[in-house]
Structures are given as structure tokens and as C-alpha cells.
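Written out below as C-alpha cells is the structure these notes cover.
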Amino acid sequence: MNVLLFGSGGRESAFAWKIAQSQLLDELYIAPGNPGVVEYGKCVDLKWNNFNHVKDFCLNKYIDMVIVGPEDPLVNGLADYFSNTQALSHIYFIGPKKVGAQLEGSKDFSKRFMARHEIPTASYKTFRKDQVQEAVDYLKTVEAPYVLKADGLAGGKGVVIHEDLNDAIIEIKEMLADEKFGEASSQVVIEEFLEGMEFSIFVLTDGNGYFLLPEAKDYKRINEGDKGLNTGGMGAISPVPFITKSIFEEVKQNIIEPTIKGLSVDKIEYVGFIFFGLILTKKGVQVIEYNCRMGDPETEAVLPRVEEDILMVMKESATKTIISRTLKVNKQTALTVMKVSGGYPEKYSKGIIINGIEKNRNDDCIVFQAGTKMEDNKLITNGGRVLCVTGLDIDPLNARKKAYALLQTIKFKGEYSRHDIGNDLGIK
Ligand code: AMP
Ligand code: GLY
């Protein structure tokens with residue numbers, strides 16, 4: 001099978017690593033990829049939004065399967081393009097069409113979906129940009145903290161939480177009237193604040209059945225102790241010790257199955273991953289958000305635990321032959337730590353030389369590159385999240401030790417990583 005994978009981050013590095021192990025694979029192309037994935041496939045200079053170019057590439061290279069890592073191509077209709085273009089419609093496409101991708105692309109869409117299908121989530125109200133006064137009046141009737149969410153994609157920055165009512169009122173005005181997040185905040189969801197421990201569950205679905213992947217927890221804030229600004233994710237761990245079998249069952253019954261059934265009831269064809277961002281509250285597990293893709297860095301912790309051929313399971317999803325089940329996973333703990341550029345998630349420099357990266361030789365300690373680039377034969381930084389290391393071991397503490405030991409051997413000027421990944425779960 002010839003496979004084209006879109007994306008360039010740590011998530012796509014983990015996909016490439018896993019796909020390269022598949023019995024079904026002939027050629028893997030990654031667009032655009034990064035210098036780390038050349039161990040697993042060929043990087044190609046192909047932009048997903050140049051549809052004609054993508055079409056020519058797929059036909060010239062006899063591509064059999066397309067896998068999309070990030071949400072943008074999905075929210076913007078790449079899957080629809082493949083399905084509507086006769087010459088491409090035979091290609092297996094992993095990722096939902098535009099309407100399914102709205103689960104992530106519009107907070108209001110996903111809240112209405114959850115309300116319709118009785119999926120537990122925070123109570124909410126949505127306001128358009130011509131309803132600033134109504135939004136302010138509504139804020140005055142609800143309790144602090146105030147959770148304000150830009151409706152559309154805002155690069156992970158669209159959720160703002162304020163303790164103080166006046167700050168929340170200023171914020172809602174900025175979001176709605178001043179379009180703080182551009183078009184994305186022309187509608188804003190105001191939501192009840194939920195308290196509890198967050199974790200994520202992932203499925204690969206064909207719209208009827210689903211494969212359940214291992215759960216994960218990520219570390220979103222930049223500073224240790226979960227303080228400071230939100231980032232794309234500074235580390236991840238799988239399994240999550242506080243997710244017991246009964247919590248898993250609750251999530252399956254109250255959240256996953258109603259979601260898959262809801263898609264089918266709403267006649268939303270969906271082939272691809274669903275990422276359930278969840279929170280364990282006193283009232284049970286509730287949904288914080290859906291994403292129409294895998295998480296980053298959760299994928300870097302989850303995929304190394306999966307003991308099945310990833311292209312085989314993806315093929316079952318694309319051919320709509322899934323009989324729901326949990327994927328076979330190993331019992332190891334996977335602990336992933338990110339190394340980021342100094343200054344991230346705010347301003348940071350690029351082009352800094354990275355020393356100490358070697359080819360991956362062991363499956364129990366893996367480097368996944370993300371924001372990296374080759375220039376004049378040197379590996380340099382090219383993004384905020386530069387690379388991560390996943391350590392695996394039956395003993396969680398050893399998984400952690402392996403990850404940090406290897407991470408320490410890779411160095412660049414201004415680097416930063418959190419040293420407390422796993423601490424909150426007693427892995428220290
Ligand atoms: P989202 O983009 O919806 O995942 O939100 C980003 C982060 O904001 C989440 O991971 C939570 O930490 C926080 N958050 C979002 N919604 C809520 C809520 N209703 N209550 C508490 N925290 C929330
Ligand atoms: N790590 C969170 C995400 O991928 O959205």
C-alpha cells in the first residue's frame with residue numbers, strides 16, 4: 001500500500017514510526033514531514049491546500065491511503081475533495097469530511113450535538129457578535145469562573161477562563177465586538193466551569209463501529225505544577241492511573257457510544273479519529289471538547305503502546321468493516337516529554353543548532369521530531385515544540401527515567417522542558 005501522511009509535528013512522527021512497521025506498507029510519503037521521519041518514509045513538498053497538486057501527486061504515486069494528522073485540512077474540506085473527485089474516490093481517506101470535522105471546528109456545533117444526543121457536558125449558551133449585550137447580561141447571571149470559548153479554530157488559544165466578572169465582560173466584548181480571534185470569535189460559547197481531572201480517550205471509527213485506543217493525559221501548561229500559559233502540550237502519559245475499568249465503561253456507555261450513534265442518526269459520515277477531551281468531575285465524566293484528529297503529544301504516548309498493524313486497522317475503518325473492540329495494547333507505561341524553544345508559547349527564535357540526536361534504535365525510548373529542519377547539513381530548530389522523547393517500561397518510573405535520560409542528551413541553546421511529567425500521578 002502506498003500511503004500519504006499529511007503533517008509535520010511530533011504526532012505525525014509517531015504515525016510515521018508506526019506506519020513504517022506495517023506489513024501492508026510499500027511506500028510512505030509525508031507532506032511535509034520533518035528531518036526525523038526520513039527514517040520511515042519520504043518527505044514531499046506538497047501543500048494540502050493546493051488540491052490540484054495533491055491530486056496529481058496521488059495519481060502519479062499510486063497512493064492508496066491518505067492519512068491527515070492536523071485538523072485544518074479536515075475542517076477545510078480535504079476529505080470532501082477526495083470523495084467528490086472521481087479520480088481520487090478509490091483512495092482510502094482517514095479523516096472526516098467538513099461536517100464531521102465541525103465537532104472540532106465549531107464549539108457551538110459540538111455543544112448542540114452533545115445536547116441533542118444527551119452526552120454529558122458543561123451547560124452553555126452561544127452568543128453571536130450582534131449579541132454582546134445579551135452575553136454580558138448572561139455573564140452576570142452565572143457563577144465564576146467564567147469559561148469563554150471562541151466558536152472556531154483559534155490555534156489552541158480560543159478558550160479563556162476568568163475569575164473576575166469584570167475581566168470576563170471585557171473579554172467577551174473583545175472576543176465578539178473586536179473579533180480578538182478573527183472570524184473564530186464571531187460567535188462565543190459561554191460555558192459552566194467544570195472541576196476535576198482531565199484526560200483523553202481516542203477512537204478510530206468508520207461511523208458505525210470503533211476501535212478504542214489507550215487513554216492518555218497531557219500536560220498543557222508551560223510551567224511545572226501546571227502553571228503559566230497554555231501550550232500545545234508539554235508531555236503526555238499513557239495509561240492514566242486514575243482511569244479505572246469502571247470509568248472506562250462509563251465513558252464507553254455515556255460518551256463514546258452516544259457520540260458514534262449520534263453521528264449516524266445525524267447522517268454524518270465519519271471515517272477517522274475522534275479525540276474525546278474529558279474531565280472526571282463529582283458528577284461523573286463530562287466532555288470538555290471533541291477533536292477530529294489524534295492529539296499531540298498524546299499520539300506519541302499512545303501509538304507506541306498499540307500492538308496492532310496500524311494500516312490494517314485504518315483499512316478496516318476506510319472500508320467500513322469495523323466490529324467495535326479495544327485495540328490490543330501492551331501493558332507498558334509510555335511517558336512523553338517535549339523539548340521546546342525558549343520563549344514558547346510566546347515569541348521564540350528559530351534556526352538554532354540541535355546537537356545529540358541519533359537514529360532511533362530502541363523501541364523503548366523513541367525520539368519524535370517536530371519543529372526541526374535540515375539546513376546546510378545541520379539539524380536546526382524550526383518551531384516552538386521542537387522534539388519529544390517517549391520512554392516505555394512496565395515500571396512507570398523507569399519509563400520516566402528513560403525519557404528524561406535520552407532527552408538530556410539532545411541539546412540546543414535556549415531549550416526548555418518540564419521536569420514534572422508524571423509527578424501528579426505519583427510517578428516521580
Ligand atoms: P478546549 O480547547 O475546549 O479543550 O479547552 C482548553 C482547556 O480549557 C481545557 O483543556 C481545559 O483545561 C479548559 N477548559 C475548557 N472548558 C472548560 C470548562 N468548562 N471548565 C473548566 N475548564 C475548561
Ligand atoms: N494536546 C492537545 C491537543 O492535541 O489538542
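Note that ligands are numbered from 1 as they come in the structure, with each ligand's atoms numbered from 1 the same way. Throughout, residue positions are numbered sequentially from 1 according to the sequence presented.
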For atom 5 (O) of ligand 1, which protein heavy atom lies nearest, and how many Å away is it?
Val159 CG2, 3.3 Å
Charged N-O contact under 4.0 Å between Asp226 and Arg418:
yes
The single option from Asn382, Leu379, Val386, Ile354 passing side chain to side chain contact (heavy atoms under 4.5 Å, CB included) against Gln369:
Leu379
Determine whether the side chain, the backbone, both or neither of Glu192 has a heavy atom under 4.0 Å from any heavy atom of ligand 1.
backbone
More than 12 foreign heavy atoms under 6.0 Å from CD of Glu269: is that the case here?
no
Just to be sure I read this right, does ligand 2 sit under 4.0 Å from the backbone of Glu298, its side chain, both, or neither, counting only heavy atoms?
side chain
Please verify whether a non-hydrogen atom of Lys107 lies at under 4.0 Å from ligand 1.
yes
Counting only nitrogen or oxygen atoms and a 3.5 angstrom limit, does Gly232 reach ligand 2?
yes
Tell me whether Gly233 reaches ligand 2 (any heavy atom closer than 4.0 angstrom to a ligand atom).
no
At a 4.0 Å threshold, what atoms of ligand 1 neighbour a non-hydrogen atom of Glu198?
9 (C), 10 (O), 11 (C), 12 (O)
Lys149 neighbourhood, listing ligand 1 atoms whose heavy-atom distance to it stays under 4.0 Å:
3 (O), 15 (C), 16 (N)
At what distance is the nearest protein heavy atom to atom 19 (N) of ligand 1, and which residue and atom is it?
Glu191 OE2, 2.7 Å
Within-cut-off N or O pair, Leu194 and ligand 1, under 3.5 Å
yes
Ligand 1 and Asn230, any nitrogen or oxygen pair closer than 3.5 angstrom?
no
Check each heavy atom of Ile161 against ligand 1 and say whether those closer than 4.0 Å belong to the side chain, the backbone, both or neither.
side chain
Does the protein place a non-hydrogen atom closer than 4.0 angstrom to atom 7 (C) of ligand 1?
no
Take every heavy atom of Arg293, measure it against each atom of ligand 2, and state whether any distance is under 4.0 Å.
yes
Is Lys149 salt-bridged to Glu289, going by a charged N under 4.0 Å from an acidic O?
no
Neighbour count >12 (heavy atoms, 6.0 Å) for atom CG, Asp178:
yes
With a 4.0 Å cut-off, would you call Lys401 and Asp393 a salt bridge?
no
Measure from atom 4 (O) of ligand 2 to every heavy atom in Asn291, Asp296, Asp218 and give the option owning the shortest one.
Asp296
With a 4.5 Å heavy-atom cut-off, do Lys107 and Tyr124 have their side chains touching?
no
Check each atom of ligand 1 against the heavy atoms of Lys220 and keep those under 4.0 Å away; list them by number with element.
10 (O)
Numbering as shown, the atoms of ligand 2 that approach Gly295 to under 4.0 Å (heavy-atom distance):
4 (O)
Determine whether a donor-acceptor pair (N or O, by modelled atom type, separation under 3.5 Å) exists between the side chain of Asp206 and the backbone of Ile322.
yes
Under 4.0 Å between a side-chain nitrogen and a carboxylate oxygen: does that hold for Lys220 and Glu198?
yes
Which of these, Ile30, Val66, Val37, Val68, sits in a side chain to side chain contact (heavy atoms under 4.5 Å, CB included) with Leu5?
Ile30
Report, as yes or no, whether the 6.0 Å neighbourhood of atom CD on Glu179 holds more than 12 heavy atoms from other residues, nucleotides or ligands.
yes
